[in-house]
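One structure is given below, encoded as structure tokens.
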Amino acid sequence: TSHVRRGLCASTVKRDYEYFDNLEIRDGVAIVKFNGPGKMNTISAGFQKDAEDILMNKVIGNPEIKAVVFMSSKSDNFIAGADIDMLKNTENKADLKDITMKAHHFFNDIKSKSKLPFVAAIDGAALGGGLEWAMYCDYRIATTSSKTVMGLPEVKLGLMPGMAGTYHLPQLVGYQTALDMILTGKNVKPAKAKKIGLVDMVVDPASLESVAIAQAKGLADGSVKPHKRKKDLQARVLEDVPFGRSFLFKKAKETVDKNSGGHYPAPYAILDVLESNYGKPKMTHLEDEASKFAKLAATPESEALIGIFHGMTAVKKHDFGKPKKPVKNIGVLGAGLMGAGIAEVSAVNGKYNVFLKDKDAAAVGRGESMITKNLQGKLKKKRMSNFDYSLATSRVMPMHDNSPAWTRHFGRADMVIEAVFEDINVKHKVLQEMEAVIPDDCIFATNTSAIPITRIAEGAKRPERVIGMHYFSPVPMMPLLEIITHDKTAPEVTAAAMEVGAKQGKTTILVKDVPGFYVNRCLGPFSVEVTAMVKEGVSLELLDKAMRDFGMPVGPITLSDEVGIDVSAKVGNFLSNADLGVRMQGGDDTLTNKMLEKGWLGRKSGKGFYMYPKNASKKDKKQLNPEMLALLKEYVPEANSKIIPAEEIQQRLMAKFINEAAFCLQDGIIRAPADGDIGAVFGIGFPPFLGGPFRMLDITGTQKMVDRMYAFRDAHGEQFEPCQLLKDYAASGKKFHN
């Protein structure tokens, strides 16, 4: 038998496999270690070939081997799932059924021929096919490492588990827990995994290998018994009684309907497989799972969601090199909603030391309270440990203008992010104040939502250290960060901003320094068209409902209230006077200007387009502001009464958004279609099942969009003229994504 004894230096041993370390045998236990060429272990055709070789030729029939332990040589992942490119590169998706069934037959063959107990020793992520591999084993041990998580996230890619996940998980944890995990794609941590029966033991990472070997030997000699789930009364009612089972799946479907709006086929396929195969033979269940997995892989929704997955990797790539020195200390100016949010993600996710500064103790205290409240919420929901809570809060140092030591602290800042009032004079004032205090190599980042970075940098002594970092509100929840450079920004400054954003947990896109940058620039013409339809008398609630039905998280009227009428109006006015020309025409801002005069700013003021009473319950239906309607009817007598097809609303608004996104690509404002898709999905909640504006054009057809825009142009005006890039792609049949 070819094996490597402990203590030999790996570099001196020739590897027999690309995806596995050489087989080790210790005390009669075969130790099979995953160790693929990439950063993460993933299941690919090459991985499967190596697995078959090592198990069929080295393990089966070896009299020395009494049990098998599967583990990873990588400290942060067991197996992170299937190689997405393998799915993408399978031209005929129907072939995926045969590929998955072959894997099932392989596992069944190995287990029936060898009769050996299998132990999965999990340190790091065991996701998708990785968890399914572990569930094929007889016993599972997970480490206490913070990187150890388990889950079946396939639904997030428009897929379902394809390696017996829908069969094994309910057997281990019960149908109620399994439905929740598979339908949401959520991860579980080791302690929770032990509690629900997903793993048998939780151990310290240092003892994982020795404990796994001991348990494997115990399974072989009968002194250790695999965990067997015991159903409580509730589980027996929900699983074994037809009425209870029907109730469980009915409630699950109601949740799917509510969360997906019917736009995603995967959750419904998952429900169907689990419900229709209850009590049926294992291979019948797996045939159905494999068949539906292959069908889902061929859907445009899965193509779109996988496109987002690849896009998130693509947008991280840049050629700015590495930061000249690491960022350790971050100063945040302004402790309002944005500043407090930036401080929170910097301290919690980025593990940076944060100097949070505002004008006085009361202002910075409010910011500190916002952070504490958010983190206490995580603590209560057990999304954060007491230890991590204490660490995170200790990293945030509040200070104000009268704090005696604030200049000393900012004197050692590596980056300062300002989140002060959106006014060029205020921005210049704080920039100049900071430059007198911060080190010469400190980066000054501005969180402006529309003011060109070039204009802000004009007030700087060191303009090469100035960059735009545009966060979206609320910062702890919104994943996008736009990084905006100007002509003089040093490359290492851009590299540092990208790195900081990534550590803060943000998906970053690089954007050219133009008014509105990317996301707000696309929202400008979109918002103008909303006001045009309001002027036409279209029902405001219909506008909201139509766009929610399209797949947006909120409708445009509600969005204005949430962002703030004042903020929306300021950005809209700025873009109207910028370089978008005719594309910002056709609307009417009379109503919003009158609302500003009245102080109706949306949720934050208690009323905007809708009413926001202080003691309102979450169950209460939002009511339109009657005073706002009265104002509107003064100049639009038929206001809020016109009913037009939802499809027309959706097409008009999305035509304006997508056309502007195409202008951004045409004019080099964004680097590539992937940046445009990621920016739209993570910045405004563009429907993920459509994949973003450019993926949507690829799927639905650019020619259709151009024809539709010509029709709208003839009906409503030149603001609907499609950009040249769209016309070119329509004429050539070219796609934005290869």
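The number of heavy atoms from other shown groups lying within 6.0 Å of NZ (Lys192) does not exceed 12. No more than 12 heavy atoms of other residues, nucleotides or ligands lie within 6.0 Å of CZ in Phe309, so this atom counts as exposed by the packing criterion. The local environment of NZ in Lys545 is sparse, with at most 12 non-hydrogen atoms from other residues, nucleotides or ligands closer than 6.0 Å. By the neighbour-count criterion of 12 heavy atoms within 6.0 Å, atom NZ of Lys488 is sparsely surrounded, having that number or fewer from other residues, nucleotides or ligands. By the 6.0 Å contact criterion, CG on Asp620 is enclosed, its count of non-hydrogen atoms from other residues, nucleotides or ligands being greater than 12. In Lys189, the NZ atom is not crowded: 12 or fewer heavy atoms of neighbouring residues, nucleotides or ligands sit closer than 6.0 Å.
In terms of modelled atom types and a separation under 3.5 Å, the side chain of Thr148 and the main chain of Thr144 share no donor-acceptor contact. No side-chain donor-acceptor contact under 3.5 Å links Arg583 to the backbone of Pro525. Counting only distance, with no hydrogens or angles, the side chain of Lys598 and the backbone of Gly608 share no donor-acceptor pair below 3.5 Å. Although no hydrogens or angles enter the test, the distance criterion places no donor-acceptor pair under 3.5 Å between the side chain of Lys382 and the main chain of Leu379. The backbone N or O of Leu540 sits nowhere less than 3.5 Å from a side-chain atom of Asp544 that would complete a donor-acceptor pair. No donor-acceptor pair closer than 3.5 Å links the side chain of Arg395 to the backbone N or O of Tyr352. Glu422 places a side-chain N or O within 3.5 Å of a backbone atom of Ser449 that can act as its donor or acceptor partner. Panel note: side chain His486, backbone Val466; a donor-acceptor pair is recorded below 3.5 Å. Although no hydrogens or angles enter the test, the distance criterion places no donor-acceptor pair under 3.5 Å between the side chain of Ser568 and the main chain of Ile565. Judged purely by atom type and a 3.5 angstrom limit, Arg521 has no side-chain atom pairing as donor or acceptor with the backbone of Leu575.
Under the 30°/60° scheme for interplanar angles, the aromatic rings of Phe657 and Phe526 are found to stand perpendicular. A perpendicular orientation is assigned to the rings of Phe410 and Trp406, their planes being inclined by more than 60° (bins at 30° and 60°). Below 30°, between 30° and 60°, or above 60°: for His470 and Phe517 the angle between ring planes is between 30° and 60°, a tilted geometry.
Side-chain contact between Tyr518 and Lys512 is absent, with no heavy-atom pair separated by less than 4.5 Å. Lys378 places a side-chain heavy atom less than 4.5 Å from the side chain of Val348. Contact of the Asp677 side chain with the Pro693 side chain is registered, since non-hydrogen atoms from C-beta on lie closer than 4.5 Å. Contact check for Glu464 versus Thr489: no side-chain heavy atoms found under the 4.5 Å cut-off. At least one side-chain heavy atom of Leu601 sits under 4.5 Å from a side-chain heavy atom of Leu596. Between Leu543 and Ile649, some side-chain heavy-atom pair lies under the 4.5 Å cut-off. No side-chain heavy atom of Lys316 sits under 4.5 Å from any side-chain heavy atom of Met498. Counting heavy atoms from C-beta on, the side chains of Asn520 and Phe574 never come closer than 4.5 Å.
Summarising the geometry of Val563 relative to Lys604, their closest heavy-atom pair is O-NZ, 4.4 Å, with the distance given to 0.1 Å. Here the closest heavy-atom approach between residue Lys622 and residue Thr558 is recorded as NZ-OG1, 2.9 Å. Minimum heavy-atom separation, Ala347 to Ala392: CB-O, 3.8 Å. Looking at every heavy atom in both residues, Lys322 comes nearest to Glu492 through O-CB, 3.9 Å. Residue Gly683 comes nearest to Phe472 through the heavy atom pair O-CD2, 4.0 Å, listed as atom of the first residue, atom of the second, then distance. Across all their heavy atoms, Ala460 and Pro463 have their closest contact at O-CD, 3.7 Å.
Atom NE2 of residue His318 and atom OG1 of residue Thr494 lie 8.5 Å apart, to the nearest 0.5 angstrom. To the nearest 0.5 Å, atom CD of residue Gln376 and atom CE of residue Met384 are 11.0 Å apart. Remark: Asp360 CG to Asn402 CG distance equals 8.0 Å, nearest 0.5 Å. Once rounded to the nearest 0.5 Å, the distance linking CD of Glu660 with CE of Met584 reads 8.5 Å. Distance CZ/Arg462 to CZ/Phe444: 11.0 Å, rounded to 0.5 Å. Distance check: Glu458 CD to Ile453 CD1 gives 11.5 Å after rounding to the nearest 0.5 Å.
Salt bridge annotation for Arg366-Asp358: absent, with no cationic side-chain nitrogen under 4.0 angstrom from a carboxylate oxygen. We find that Asp441 and Lys325 are joined by a salt bridge, their nearest charged nitrogen and carboxylate oxygen being less than 4.0 Å apart. A salt bridge is absent between Asp561 and Lys607; no separation between the charged side-chain nitrogens and carboxylate oxygens falls under 4.0 Å. By the 4.0 Å N-to-carboxylate-O rule, Glu482 lies too far from Lys506 to be salt-bridged with it. Salt bridge Lys461/Glu435: absent, no basic N to carboxylate O contact under 4.0 Å.
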side-chain contact (heavy atoms from CB on, under 4.5 Å) between Phe355 and Arg412, intermediate numbers included: CA-CA 10 Å; Phe355 314 133; Arg412 57 192 182 92; 3.9 Å; yes
List the steps and the verdict of side-chain contact (heavy atoms from CB on, under 4.5 Å) for Met397 and Asn353. CA-CA 8 Å; Met397 297 177 64; Asn353 299 314; over 6 Å; no
May I have the step-by-step check of salt bridge (charged side-chain N to carboxylate O under 4.0 Å, His left out) for Lys429 and Glu433, ending in yes or no? CA-CA 6 Å; Lys429 183 171 180 284; Glu433 283 175 358; 3.0 Å; yes
Any chance you could lay out the side-chain contact (heavy atoms from CB on, under 4.5 Å) test for Tyr635 and Asp588, step after step, and finish with the verdict? CA-CA 11 Å; Tyr635 72 102; Asp588 190 308; 4.1 Å; yes
Derivation and outcome, side-chain contact (heavy atoms from CB on, under 4.5 Å), residues Ser473 and Met338: CA-CA 7 Å; Ser473 184; Met338 292 299 292; 3.5 Å; yes
